[in-house]
2 protein chains.
Amino acid sequence: MAPPVAPVRQDWMREHNLSLTLSAVLDASEPVSRAQVAARTGLSRAAVTNLVDRLVEAGLVRELAPVALQRGRPSVPLVPVARTVAALGLEVNVDYLGVRAVDLTGEVIAEQVLHADLRGSEPAVVAARLGRVAGEVRARAVALGARIAGSTLALPGLLDSSSVLRTAPNLGWRDLDAIGLLPAELVGGAVGFTVANEADLAARAEIRARRPDDGKPSFFYVSGEIGIGGARVLGGALSAGSHGWAGEVGHVVVGSSPTSLTRLEDVAGQRALMRNAQLPEGAPFSDLVEAVTQGAPPAVAAVRQAGRALGIALAAVAHISDIDEAVLGGTFAALFDTVAGPVEAALAELVVFSDWVPVAVTRARAGDYAAMTGAALTVIDRLVARPSVWPTAS
Amino acid sequence: MAPPVAPVRQDWMREHNLSLTLSAVLDASEPVSRAQVAARTGLSRAAVTNLVDRLVEAGLVRELAPVALQRGRPSVPLVPVARTVAALGLEVNVDYLGVRAVDLTGEVIAEQVLHADLRGSEPAVVAARLGRVAGEVRARAVALGARIAGSTLALPGLLDSSSVLRTAPNLGWRDLDAIGLLPAELVGGAVGFTVANEADLAARAEIRARRPDDGKPSFFYVSGEIGIGGARVLGGALSAGSHGWAGEVGHVVVGSSPTSLTRLEDVAGQRALMRNAQLPEGAPFSDLVEAVTQGAPPAVAAVRQAGRALGIALAAVAHISDIDEAVLGGTFAALFDTVAGPVEAALAELVVFSDWVPVAVTRARAGDYAAMTGAALTVIDRLVARPSVWPTAS
DNA sequence: ATGGATAAATTCACGGCGTAGATTAAATGC
DNA sequence: GCATTTAATCTACGCCGTGAATTTATCCAT
């Protein structure tokens with residue numbers, strides 16, 4: 001479904017229209033008939049009949065019993081088939097690892113998360129544990145009758161285009177072949193195995209969390225964890241840079257003293273927040289949330305200061321990338337009520353176009369382990385882009 | 001040639017492959033044969049024969065006399081037809097307005113520039129002057145045998161998606177219908193009339209200026225004028241934001257005093273540069289270039305300070321948009337030898353991924369009035385994307 | 001000079017695709 | 001019970017790129 005700088009043949013055209021048809025069934029909030037699919041996609045009814053038949057045969061779309069809503073021949077409602085496709089989303093982060101299996105409808109059909117402090121861990125050991133968890137989740141999905149479409153791994157670091165993890169500072173990993181993190185049997189599947197940045201994938205989950213609103217959202221997603229990452233979503237799609245390193249907003253300069261520059265993470269990273277809130281080192285993040293909820297002055301001041309810095313960094317994002325909306329995820333979602341005000345104030349003060357289009361600040365709607373969900377969703381995306389790769393037999 | 005989220009029919013496929021074929025002829029540094037086009041595009045020779053014949057008939061491609069380079073039947077070299085298509089690039093800027101006509105090969109076939117101080121000018125008056133200049137350039141192009149393909153207007157300000165100029169601070173214009181700036185007879189043409197930001201269009205000219213290097217360049221272009229704008233180029237294509245307001249790097253925060261924030265323009269805008277260099281208000285910019293060339297200490301210090309600030313802002317761009325290369329245009333191209341060092345130093349110091357992919361700093365290669373050229377080139381782009389709109393008759 | 005080798009360009013039969021319009025299927029409403 | 005209405009399907013058609021065969025025009029060895 002991507003724009004090819006390559007010759008287009010009839011089979012590409014077929015694949016494109018098949019993808020378009022499948023998307024129409026998936027994106028609809030209620031079951032749709034063939035006639036509705038034709039109207040929404042712009043394809044002729046004849047073409048839709050043909051395309052839907054193929055999707056049904058492939059087991060990606062299912063027909064419900066005909067319903068007569070108006071007079072005339074009753075329509076046959078079409079729905080994405082549930083629990084037949086399993087897309088695996090894997091994640092290794094600083095304090096946990098886990099795997100989530102999602103089906104074509106986007107529902108979680110199996111998952112398992114292991115909490116552990118993985119700072120400075122040995123990649124091979126982590127790979128083995130991840131492999132066990134993935135095997136288990138995979139087995140559960142298969143027991144439900146699903147076949148594996150593929151998998152995507154979320155990592156908290158910079159990945160280059162050849163799936164090498166350049167650096168994951170909080171894990172202490174450098175220059176690691178990320179493909180090698182998984183056992184070979186999981187690298188297969190109709191749409192294969194990929195690796196991506198945690199913030200990018202969390203943003204993908206956020207796109208889906210807004211689905212009921214429909215439309216193609218554009219926003220900048222901020223992932224506040226130990227470090228601060230982010231991702232730009234434009235028209236419902238992630239827009240990464242040439243190496244996939246876009247959105248590293250934590251390193252943006254937000255101020256200076258006479259002798260040094262201040263970066264966002266120096267003020268709003270999780271460690272800086274805890275320190276400025278005068279909480280003991282090593283205390284859990286939930287202590288900060290509680291302190292802020294109870295109105296403890298140093299905690300509130302620290303969070304508001306972080307909000308101002310985040311607003312300054314997001315103003316840079318707005319000027320450089322032209323955004324409508326900033327979505328606060330991770331720690332900033334938990335602290336939203338306190339942090340959002342200063343962020344909004346800074347944006348209104350600094351962004352030149354805020355008179356015409358103010359930058360909205362909203363709380364992330366994707367649930368826990370957003371990157372894991374997003375990883376699985378990108379597997380679905382790859383399948384939807386090329387429906388014909390899905391093997392038609394049982 | 002854009003990726004349609006719409007049904008694809010055979011006529012779209014045809015248009016796409018026609019566009020691909022035309023691009024192959026245009027992008028080649030030397031004349032290419034049909035066989036070479038087939039090899040480069042991936043199309044079959046049969047298809048290329050058919051497609052090229054249509055392009056020849058449309059007057060977009062011309063056959064040269066056959067040449068025998070190896071043994072075998074001699075090949076027929078194909079070249080873009082010169083001086084038959086005229087693409088008009090128009091520009092209104094702070095101290096000049098002008099129009100440039102470019103043909104399919106990208107050569108300038110006619111142009112006219114009027115220097116004038118347009119700060120606080122009346123839009124209707126400027127529109128009339130621009131209309132006269134455009135009429136003249138148009139007439140000259142037509143006299144050479146060219147037909148007008150369309151036109152694009154470059155403006156130094158924020159434009160929204162419906163071609164409304166929201167604000168052009170240095171012209172003093174606000175909320176103006178930019179389409180209305182042109183006389184009706186110029187709004188036509190096979191690919192119509194559009195408006196875009198001056199920095200975006202200058203970046204488009206920069207893409208072409210690199211053509212001999214081939215490949216699809218990715219860089220961030222900085223347009224240093226009275227204000228400082230910029231544009232992101234990814235894989236040989238401009239990537240604007242949701243409103244087309246991306247790249248407004250002049251408003252990025254680069255430091256702070258205890259009481260206020262410093263934006264890039266406060267340090268590196270043309271006025272700030274002149275003031276910090278201790279040159280009299282109203283002196284021409286060339287005085288600064290001369291002072292720097294002669295090594296006048298306050299001028300050099302001002303420019304180096306601006307370079308540091310620019311480096312900090314470009315580090316933000318690198319983190320947010322993931323770039324390989326920063327291209328310095330406008331005032332920064334004129335001051336390149338002095339400004340580039342501090343920019344590079346700041347990038348090397350601040351950009352987290354500079355260990356793997358250092359951000360290169362280069363001087364813009366597009367010539368004078370880059371935005372005007374770029375504006376004309378986007379007209380060519382629109383024609384190349386839909387070659388069938390070009391009327392085949394004389 | 002001449003015929004084979006070689007490569008470019010063209011021709012043609014073919015299969016695949018979406019469309020438009022006709023047709024069939026299955027309900028409602030008077 | 002029959003016309004109406006809407007969904008879904010069927011059929012003829014035109015267009016597209018492919019691949020193999022063919023034609024064209026040169027080089028090269030004899």
Side-chain angles (χ1 to χ4, degrees), chain A residues 4 6-22 24-25 28 30-57 61-79 387-388, chain B residues 1 4 6-22 24-25 28 30-57 61-78 387-388:
Chain A
V8 168
R9 302 171 226 290
Q10 308 216 109
D11 53 356
W12 185 92
M13 176 170 137
R14 196 10 162 241
E15 191 80 333
H16 174 91
N17 288 337
L18 203 55
S19 175
L20 193 67
T21 302
L22 180 54
V25 175
E30 294 173 10
V32 284
S33 68
R34 286 171 170 80
Q36 286 172 307
V37 170
R40 290 186 198 182
T41 58
L43 287 160
S44 68
R45 291 185 309 264
V48 170
T49 290
N50 188 327
L51 293 164
V52 166
D53 287 354
R54 287 176 194 238
L55 293 172
V56 169
E57 196 176 357
V61 166
R62 197 160 57 90
E63 294 182 320
L64 300 181
V67 288
L69 296 163
Q70 339 88 345
R71 71 175 172 219
R73 177 174 170 174
S75 59
V76 180
L78 302 169
V79 289
S388 69
Chain B
M1 221 176 103
V8 167
R9 303 173 224 291
Q10 310 218 109
D11 53 356
W12 185 91
M13 175 171 138
R14 200 0 166 248
E15 191 80 335
H16 174 90
N17 288 338
L18 203 55
S19 175
L20 192 67
T21 303
L22 180 55
V25 175
E30 293 173 10
V32 284
S33 67
R34 286 171 172 77
Q36 286 172 307
V37 170
R40 291 187 198 180
T41 58
L43 286 161
S44 67
R45 292 188 308 266
V48 170
T49 290
N50 189 328
L51 293 165
V52 167
D53 287 353
R54 288 177 193 240
L55 292 173
V56 169
E57 195 175 358
V61 165
R62 197 160 58 91
E63 294 180 321
L64 300 182
V67 289
L69 296 165
Q70 339 89 344
R71 69 177 171 218
R73 175 172 171 176
S75 59
V76 180
L78 303 169
S388 70

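Each chain gets a letter, A, B and so on, in the order its sequence line appears, and its residues count up from 1. Worth saying up front: this structure is predicted, and the values here are computed from it rather than measured.
- In this structure, CG on A:Asn17 lies 8.0 Å from OG1 on A:Thr41, to the nearest 0.5 angstrom.
- If you take CD of A:Glu63 and C1' of D:dA8, they are 10 Å apart, rounded to a whole angstrom.
- Between B:Val61 and B:Leu22 the shortest heavy-atom distance is CG2-CD1, 3.8 Å.
- At whole-Å resolution of the value, CD in A:Gln36 and P in D:dT6 are 13 Å apart.
- Contact detail for A:His16 and B:Ala6: the closest heavy-atom pair is NE2-O, 2.8 Å.
- Distance check, rounded to the nearest 0.5 Å: CD of A:Gln36 to CD of A:Glu30 gives 9.0 Å.
- Between A:Arg34 atom CZ and C:dA26 atom P the separation is 13 Å, expressed in whole Å.
- Note that CG of A:Leu78 is 10.5 Å distant from CZ of A:Arg62, once rounded to the nearest 0.5 Å.
- To the nearest 0.5 Å, atom CG of residue B:Leu43 and atom CZ of residue A:Arg9 are 6.5 Å apart.
- Between the CZ atom of A:Arg34 and the OG1 atom of A:Thr21 there is a distance of 11.0 Å, given to the nearest 0.5 Å.
- Judged by atom type and distance alone, A:Arg73 does not reach the base of C:dA27 through any side-chain donor-acceptor pair under 3.5 Å.
- Set against C:dA27, D:dA7, C:dA9, the side chain of A:Gln70 has D:dA7 as its closest nucleotide.
- A donor-acceptor pair under 3.5 Å is absent between the side-chain atoms of A:Ser19 and the main chain of A:Glu15, judged by distance alone.
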Using a 4.0 Å heavy-atom cut-off, write out nucleotides 14-22 of chain D from 5' to 3' as B (base contacted by protein), S (sugar-phosphate only) or - (no contact). BBBSBB---
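- Backbone-only engagement by A:Ser75 is indicated by non-hydrogen atom pairs under 4.0 Å involving sugar-phosphate atoms exclusively.
- Going from atom CG of A:Leu64 over to atom P of D:dA7 covers 17 Å, rounded to whole Å.
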Distances for protein N/O vs nucleotides 28-30 of chain D N/O pairs under 3.5 angstrom?
none

